[in-house]
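Note that the structure is predicted; figures quoted are calculated from it, not measured.
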Amino acid sequence: MPGLLPQRPPCATHLSLPTTTTISFASDSHNINRLSQPYKRGTAMAINGHVNGDAATPKGPNYERVQIINDEKQFIPELTQQIERWDLHSAGFDYDIVAVFGSQSTGKSTLLNRLFGTNFDVMDETRRQQTTKGIWMCRAKGMNVMVMDVEGTDGRERGEDQDFERKSALFSLASSEVLIVNLWEHQVGLYQGANMGLLKTVFEVNLGIFGKKTADGRNQRTLLLFAIRDHIGTTPLANLQATLTADLQKIWETLSKPPELQDRQLSDYFDLSFVALPHKILAADKFESEVQELRKRFMDKGREDYVFKPAYHKRIPADGVAFYMEGIWEQVQTNKDLDLPTQQELLAQFRCDEISAAALTEFNEQAKPQRRPIESGKVIENLGGMMRAWRSGALERYDRDASRYHQGVYKRKRADLVSVLDSTLSPLFLGQLKNLHKASLVTFKKEMLEGMRGENYNFAEVVAAARERCEKRFLDGAQEALVEGTDWNYEEELELLRNEIRIVADQCRKDETKKMVNAIERNIKKQISDPVEIWLNKPQPDMWDEILKVFRELLEKAESMYLTKAKSFNCTDEENETSLAILRKRAWLALRAKVDEQTTDAAFLTKLRTHFEERFRYDEHGVPRVWKPSDDIDGAFKKARDQTLELIPLYSRINPIDGTLEYSLPSEESDPLSSTDEFDFPATLVIFSETKILDLMSRFRRDADAYYVEAKRSMVSSVAQIPYWMYGVLVVLGWNEAMFVLFNPLYFAMLLCMVGAAYIVVQLGMAGPLLQITRTLVNEVQSQAYNHLRDHFSQPHLTEPVRAQAVMQNEVDPELRDRKTDFM
């Protein structure tokens, strides 16, 4: 079965665990044993060639016995080496396993020694005490059979502790092919005397653990061989067999089976066989003969009643038996269904469970009303006192009523009750802590915001006072909620609260720093605007010197203002350096933004035109010029244009004349208060690139040329004007034509119609559509005329002979016609 063995040997690849067992009971008559002569170990008794006692005990490593499970329930790992010493390590599947099960002092070890020639210790009948402790194994003499001698049940040495009895019985049932159930004749028909109660428990657990089918799809079967000892003969073996079979069938029907095994029968897993043995002392010869006859069933494979049938074999190679049994014992040890208590413990368990349930019911009724408020996030006042009262009340009630019962059960059940009480109260405690955490944090934020209202406040003092009050509120509530006797603590929640307080305080400090930096930045922008605008509108060689002087003064005031306010924030020197670097960067960007505003294309060209007009249209005294033919317009134009073009390189880069006024910033400075992290300071010094300079020069030249042409035209218009008498000549010469049109009705009517139509078209906004229609009509007429002319001139007129020749040619040469068609 998968998962059975902790370590699977290479040779034991397919393990199948037994689920069917055959039981054999053997019994010695207790009264007759008392009357008979005691049989002591060491007495020589020859039986079919071998002697019972030390003289006939097999010697040598091939027949040495080994204890595989000691009386402390520990599996002995030496079994692998012992199998090698038994020369069975390489036997493969050619071996068998038999075990004996029964009450203590019923002659189990004696029976095994007689049947298999083993050397198990036998009881000294003069003392009637336990001989076999744990489980022993030995190789049968002359057979590849491993024989297990199991500690007897119902022994006075273990008393009410039946745990090992159950586990050893289940282990022998699960690991052997044949299980000999040894019992006295007078035990047949008894429930406890015949170990039926123990067999029921073992069957039930065995079915649950090992009841599944093997890898080849079959049920693992086991032979239960009942050896009925001290059989007198008064009750026939058939009647004893029927009684035992009925008892086994009855306990099988009352088993609690797994759902998938509800329809399984006893015969699906177990074969039953029965044998009666006479009294070992009163009928010694007959006993020995019957034992030898039974031995043949284990040795002669040709017999019909041969016990080691292939269906019983576990299909485990001999070199894997030790690992296989160790895995079975591990599963048996860890199975809790075998840990059945004594009657006193059962009563204590029943009563302690009742008392615990009653105390727990009352406790739950008390605790139930407080769960919903806790879950809703409310902090319950005096919750710790209530929980301590509920817990102590439940324990006092339990102690008062349950302390009179079995102390082990009482203490164990009390520990279980304490665990249940604490597990019920623990969510309330944890919920109270979380609610205290949230409430304290909300109060902390509120107190911080209230403390930062107004102008003059010390941020560090506000944070420290709010933190102290917050932690005190949490600690008072958490300590009150603690319950004595539990391992609860609030350190983890307190640390989480402190971390969140630190996060909130840091965030508030960042927000305040951001607001302060933003306010200083706005102030810089406001103060830098006018000086920059003034100096950029009055271009001079020292223009950038004056702008940078104003900028430095404003920046020094801003840094001083920041440091003054930042003292109350309890900032570190590193944080101050970072904030100052950000302030310098943003101040410089504010300056550059104002410069960009004043040097846009439109604004800068306006400045150039203004500068050009001041030098071209006005004289040195600021008086507008009226150009005369004697004035040197070309010289004035060239001078004004060249002076204006010299301004473009001056504006193109922030380059002060005084080197001490040069300003610089780290190029890769990051600003956590801004969404833009990339910053290239050298690039901010360039206002116009080379390409931009050329573009501005070109555009300015076009504007200047327009001014030059305008000046030239004004001078020509003033020199060459049309004489006034010429207008009189035009009136005299055109008078007759005008009168002819005005006084001719036809022409005058046509003129009125045309004027009216034009007026309507213009008023209705139809001039555009009318022009489009006219244009389309003209285009269509042209297209039609072109098509007709092309058709007319593309096909020349053919004479009749030529046409006939063409027709004949098409008929004679269809391939040529097809090619012509394709070509066309």
Report, as yes or no, whether the 6.0 Å neighbourhood of atom CG on Asp263 holds more than 12 heavy atoms from other residues, nucleotides or ligands. yes

Indicate yes or no: does Arg391 engage Asp422 in a salt bridge with an N to O separation below 4.0 Å. yes

Is any NZ, NE, NH1 or NH2 atom of the basic residue among Glu253 and Lys250 found under 4.0 Å from an Asp or Glu carboxylate oxygen of the other? no

Closer than 4.0 angstrom, basic N to acidic O: yes or no for Asp149 and Lys108? no

Where Gln67 and Gly134 come nearest, the two heavy atoms and their spacing: NE2-CA, 4.2 Å

When rounded to the nearest 0.5 Å, the distance separating OG of Ser356 from CZ of Arg397 is 10.5 Å

Tell me, please, whether Trp86 has Arg139 positioned over its six-membered ring: NZ or CZ under 6.0 Å from the ring centre and within 45 degrees of its axis? no

Asp96 versus Tyr312, side-chain donor and acceptor atoms under 3.5 Å: no

I'd like to know if Glu78 and Arg85 make a salt bridge, using a cut-off of under 4.0 Å between side-chain N and carboxylate O. no

What one should report as the nearest heavy-atom pair of Ile69 and Ile76 is N-CG1, 4.3 Å

Return the minimal non-hydrogen interatomic distance between Val147 and Phe120, and the atom names on each side. O-CZ, 3.5 Å

Return the NZ to CD distance between Lys280 and Glu288, rounded to the nearest 0.5 Å. 8.5 Å

Give the C-alpha distance, both sets of side-chain angles, the deciding distance and a yes or no for side-chain hydrogen bond (donor to acceptor under 3.5 Å, both in side chains) between Gln333 and Lys167. CA-CA 7 Å; Gln333 278 283 76; Lys167 292 181 177 179; 3.1 Å; yes

Looking only at non-hydrogen atoms, find the nearest pair between Val409 and Tyr398 and report the distance. O-OH, 4.3 Å

In terms of heavy-atom contacts, Leu417 and Ala394 come closest through CD2-O, 4.4 Å

Just say parallel, tilted or perpendicular for the rings of Phe171 and Phe75, cut-offs at 30° and 60°. perpendicular

What pair of heavy atoms forms the shortest contact from Ser172 to Leu179, and how long is it? OG-CD1, 3.9 Å

